[in-house]
J.: 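Can you read through this structure? Questions will come right after.
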Amino acid sequence: MKIAKIIVDVPLMQTDKAFSYRVPDELLDFLMIGMRVHVPFGSANRLVQGIVVDFADEEIFSDLKAVSEVLDPEPVLTKEQLWLADEMRHSVFSYKISCLKAMLPNLLNSSYDKLLVAADGSKLRWSQLTEADKVLSVKKVRSAELSVEYIAKSKENRKTQKFVVVNDVDKLSAFEIEKRAKKRLEMKYYLLRHADEKLSVKDLDFSSAILKFFVENQLVHIEEVELSRTQATFDAVSSDSAKVLNDEQQNAFNHIIKSVEKPFLLEGITGSGKTEVYLQTIAHFLELGKTAIMLVPEISLTPQITNRFIARFGEKVAIMHSGLSDGEKYDEWRKIKSGAAQVVVGARSAIFAPVENLGVIIIDEEHESSYKQDASPRYHARDIALLRAKWHHAALVLGSATPSLESRARAMRGVYELLLLTKRANESAILPDVEIVDMRREISDQSSNFSHVLLSKIKEKIEKDEQVILMLNRRGYSSFVMCRECGFVVDCPNCDISLTLHMDTRTLNCHYCGHVQGIPQTCPNCQSRKIRYYGSGTQKVEEELHEILPEARVLRMDVDTTRTKNAHEKILEKFGHHEADILLGTQMIAKGLDFPNVTLVGVINADTGLNLPDFRASERSFELLMQVAGRAGRADKKGEVLIQTFNPKHYAIELTKSQDYEKFYEMEMRFRRELSYPPYYFTVQVLVSHKDEEVAVQKSYEIAQLLRQNLTEKAKILGPTPRPIARTHNLYHYQILVKYRFEESLERALNQVLELTQLRENKELRVLIDSEPQNFV
DNA sequence: AGCACGCCGACT
DNA sequence: GTCGGCGTGCTC
């Protein structure tokens with residue numbers, strides 16, 4: 001008997017293993033590892049989706065159930081991907097099915113429903129019943145008036161277009177149609193007139209009944225053609241060809257294509273032409289008949305970037321990002337799977353793209369924390385890339401102007417090979433002048449967001465018809481509502497956090513649990529009418545700018561103005577056409593924008609992110625400032641950068657003036673060493689949540705104790721401490737941070753912690769394990 | 001999760 | 001006596 005080992009789509013600890021099913025005879029030759037199936041599961045035999053991961057001939061279980069249905073004509077997951085899922089599990093502390101699902105487009109996940117079958121054979125869909133009808137139906141099921149049938153359905157769908165094709169013109173013209181059938185006659189002549197055209201059924205001006213008549217009489221047939229949902233992008237881009245590399249670029253290129261011994265860290269200042277190196281590297285591997293994955297942070301996955309790849313590689317490119325609909329993602333996935341696309345450009349999850357024969361993986365802006373998924377499975381794209389590069393013997397390139405300390409340290413230790421780009425690719429371009437403005441000395445109006453020097457520079461640039469980018473650092477910042485009389489701040493009822501003001505919808509929103517409420521007119525605490533908006537949202541800065549410089553045309557770019565599809569691109573396009581003088585935005589304007597006419601970049605508040613309780617606060621601030629500074633003066637005009645700060649002496653800010661990554665690396669490493677943080681130590685965070693604060697405290701102490709018992713004395717266990725935002729979703733959160741170097745039994749100990757949640761007494765306890773956490777706030 | 005089984009209290 | 005409430009345990 002052939003037995004299939006199947007991982008079922010029930011993400012729970014108790015079901016997190018392969019289940020055995022009998023393979024029915026008719027599927028013996030057909031079923032393969034990596035295919036999706038539907039299997040009966042549980043005492044009621046409801047159908048769930050599963051993935052075949054192995055076969056066996058024997059089984060200790062006696063009466064196996066059989067696979068009900070196979071969903072794929074060929075495997076949707078490769079052997080490599082199944083291996084990746086196994087490898088991933090050592091670090092992500094998630095379920096295997098969750099790892100596998102991360103590799104598949106959403107449309108390949110089944111949806112489930114139930115059918116209620118009456119004695120007369122009539123059927124009702126459970127999901128379409130009202131609550132009252134559901135109660136009624138349950139009773140009828142119990143009295144056997146109705147029976148239940150479980151259904152599972154793969155959501156996959158393809159976009160197609162139907163065309164009418166005339167079978168034989170002569171036959172059609174000879175075919176007699178009664179005179180009174182006016183519409184049919186009309187259609188006949190219409191078809192004869194357009195016999196050599198592709199007539200889309202959708203655009204046809206005749207009813208389906210008329211069309212049916214012609215089909216039934218075999219005068220025409222319907223042809224269904226599959227459409228790609230992402231086709232449109234390619235048409236608008238004009239192609240381009242390789243540029244000449246300077247000696248540094250050429251050197252980097254030569255190294256990368258020569259050896260796959262170890263990963264490369266390509267460290268290049270803004271404008272040093274990293275992208276051109278990427279493009280030519282990919283081109284090289286394509287010539288060898290191999291494929292490539294190019295990862296870009298989600299936020300910079302703009303048409304400006306993707307178009308460069310489309311311009312170079314045309315239809316060989318598949319683009320994957322979160323802005324695509326499920327259908328579009330599925331189409332791109334199939335383009336890759338079938339081999340039609342050989343270059344994948346995408347955000348984090350594109351690291352799982354089903355490419356075969358991989359030649360090179362490139363991770364641009366490798367320091368970006370968004371490469372780590374902050375929901376389960378908590379994988380880091382860099383780790384997956386290392387695994388895939390190993391499997392395929394592919395080259396791996398990590399690129400950045402400001403590498404993460406982890407990567408740079410590995411390069412220093414010789415784990416990665418360091419490749420430097422120190423010159424701007426366009427040699428006439430000069431590095432911008434960076435000036436730091438000490439806001440403590442701005443004696444003027446305390447409430448203003450603008451220093452005198454920044455204002456006069458803005459005026460100066462606008463007069464010269466040049467453009468300005470202003471960045472408002474929103475990290476660790478939000479606008480809230482406070483009463484000037486009693487100091488009352490409007491908080492979320494579920495979370496210990498102040499609500500954020502959204503002027504466009506005129507609501508107060510909780511960014512954690514999604515709670516929304518109106519803006520109060522009077523203070524809920526003291527009834528004073530002096531309840532005001534605080535904080536510097538971009539909207540408020542925009543208003544102030546408008547007041548001071550009424551003649552300046554301002555474009556605002558933040559989460560509020562980019563909510564709709566393509567809003568992002570439209571704003572950038574407008575700015576590029578000089579329809580505005582100032583682009584005011586949050587972090588999102590720091591990445592990858594290239595506007596030659598921008599000669600001034602102003603940072604309104606450099607330090608809001610600096611004091612966050614996160615050991616990477618300095619690193620993040622430095623990266624951000626370096627990045628935004630790179631937006632100034634990219635062409636022949638010299639750029640200027642003004643950074644407003646209350647901490648002018650902080651090294652993360654001071655060192656942006658000289659754009660000195662080396663010095664920053666040195667200082668930050670010293671600090672990391674002193675406090676035993678990465679890259680000197682590895683970290684793993686355990687997050688414990690419970691609706692009762694006392695239980696949360698008690699359980700987190702228990703867990704910390706358990707870890708202490710199982711780890712060596714060299715491991716440092718911090719906490720438990722309340723999270724910076726101690727309560728969200730009506731749950732109290734406590735965190736434990738383990739810092740370690742070599743702990744053989746760590747994985748086992750952490751799995752033991754997870755086992756604790758299986759105890760009945762811990763039913764309401766939530767434990768989350770995050771290896772190498774990126775965000776502590 | 002989602003379903004069945006089983007044990008207890010409130011009813012025709 | 002039975003109906004239905006939810007606590008408990010299992011899923012090849």
Side-chain angles (χ1 to χ4, degrees), chain A residues 1-25 27-28 31-71 82 93-102 106 109-117 124-129 131-153 155 375-377 689 691 729 754-768:
Chain A
M1 185 166 69
K2 195 174 181 184
I3 289 147
K5 299 282 189 180
I6 291 169
I7 305 283
V8 291
D9 180 19
V10 184
L12 288 170
M13 275 189 82
Q14 297 97 316
T15 51
D16 189 26
K17 57 181 174 182
F19 286 79
S20 299
Y21 283 87
R22 188 170 55 77
V23 182
D25 291 346
L27 296 178
L28 274 179
L31 191 64
M32 290 163 80
I33 289 175
M35 285 181 175
R36 297 172 305 143
V37 290
H38 283 152
V39 290
F41 194 69
S43 49
N45 285 333
R46 70 198 165 95
L47 288 178
V48 297
Q49 194 188 88
I51 288 163
V52 181
V53 293
D54 205 357
F55 289 116
D57 297 320
E58 281 178 57
E59 174 60 39
I60 46 166
F61 276 86
S62 49
D63 42 329
L64 293 184
K65 293 177 184 175
V67 171
S68 333
E69 186 186 5
V70 182
L71 303 178
L82 296 175
F93 299 95
S94 177
Y95 313 112
K96 184 151 179 182
I97 189 67
S98 310
C99 297
L100 293 172
K101 275 182 152 187
N106 238 334
N109 293 327
S110 296
S111 57
Y112 306 109
D113 206 350
K114 278 168 280 196
L115 282 180
L116 298 168
V117 189
L124 287 171
R125 265 180 177 276
W126 172 261
S127 62
Q128 286 168 3
L129 298 180
E131 284 307 310
D133 280 346
K134 281 182 184 173
V135 174
L136 207 72
S137 311
V138 170
K139 283 182 187 164
K140 287 186 180 170
V141 169
R142 220 163 272 174
S143 61
E145 268 181 77
L146 289 173
S147 65
V148 187
E149 201 174 288
Y150 291 90
I151 49 173
K153 199 176 171 345
K155 285 181 281 190
S376 179
S689 312
K691 67 175 175 16
H729 303 89
L754 288 178
E755 301 274 321
L756 276 182
T757 59
Q758 295 306 113
L759 297 176
R760 202 174 19 264
E761 54 171 300
N762 293 335
K763 228 178 174 174
E764 290 192 279
L765 188 69
R766 265 195 12 201
V767 174
L768 226 141

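A note on names: the letters A, B, ... follow the listed sequences, proteins ahead of strands, and every chain is numbered from 1.
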J.: Can you tell me how far P of C/dC12 sits from CG of A/Leu12, to the nearest Å?
T.: 14 Å
J.: Between P on C/dT11 and NZ on A/Lys65, what's the gap in Å once rounded to a whole number?
T.: 9 Å
J.: Checking all strands, does A/Tyr21 fall into the base, sugar-phosphate, or nothing category for heavy-atom contacts under 4.0 angstrom?
T.: sugar-phosphate
J.: Is it true that atom CD of A/Glu58 has more than 12 heavy atoms of other residues, nucleotides or ligands lying nearer than 6.0 Å?
T.: no
J.: For the pair made of CD in A/Glu761 and C1' in C/dG9, what is the distance, rounded to whole Å?
T.: 17 Å
J.: Just the rounded figure in Å: distance from P of C/dC10 to CZ of A/Phe61.
T.: 12 Å
J.: Pick base, sugar-phosphate or nothing for A/Pro11, based on heavy-atom distances below 4.0 Å to the nucleic acid.
T.: nothing
J.: Picking from A/Asp9, A/Ile97, A/Ile7, what satisfies side chain to side chain contact (heavy atoms under 4.5 Å, CB included) with A/Gln49?
T.: A/Asp9
J.: Once each nucleotide of nucleotides 2-9 of chain B is scored for protein heavy atoms under 4.0 Å, what B/S/- sequence comes out, 5' to 3'?
T.: SSS-----
J.: Among residues at least two apart in sequence or on other chains, which ones pass salt bridge (Lys or Arg N to Asp or Glu O under 4.0 Å) with A/Asp54?
T.: none
J.: Which one, C/dT11, C/dT8, C/dC12, comes nearest to the side chain of A/Arg760?
T.: C/dT8
J.: What is the distance, rounded to the nearest whole Å, between atom CD of A/Gln49 and atom C1' of B/dA1?
T.: 16 Å
J.: Would you mind reading off the distance between A/Leu136 atom CG and C/dG4 atom P, rounded to a whole angstrom?
T.: 12 Å
J.: When the distance from CD of A/Gln758 to C1' of B/dA1 is rounded to whole Å, what number comes out?
T.: 13 Å
J.: For A/Tyr95 and A/Val10, indicate whether the former's side chain and the latter's backbone hold a donor-acceptor pair under 3.5 Å.
T.: no
J.: Nearest to the A/Lys763 side chain among C/dT8, C/dT11, C/dC12, which nucleotide is it?
T.: C/dT8
J.: Provide, to the nearest angstrom, the distance between the CG atom belonging to A/Asp9 and the P atom belonging to C/dC12.
T.: 15 Å
J.: Does A/Lys153 have more than 12 heavy atoms from other residues, nucleotides or ligands lying within 6.0 Å of its NZ?
T.: no
J.: Using the side-chain contact (heavy atoms from CB on, under 4.5 Å) criterion, which residues pair with A/Leu754? Sequence neighbours excluded.
T.: A/Met13, A/Phe93, A/Asn751, A/Val767, A/Ile769
J.: Just checking, any donor-acceptor pair under 3.5 angstrom between side chains of A/Ser110 and A/Lys155?
T.: no
J.: Please classify the nucleic acid contact of A/Leu64 as base, sugar-phosphate, or nothing, using heavy-atom distances under 4.0 Å.
T.: sugar-phosphate
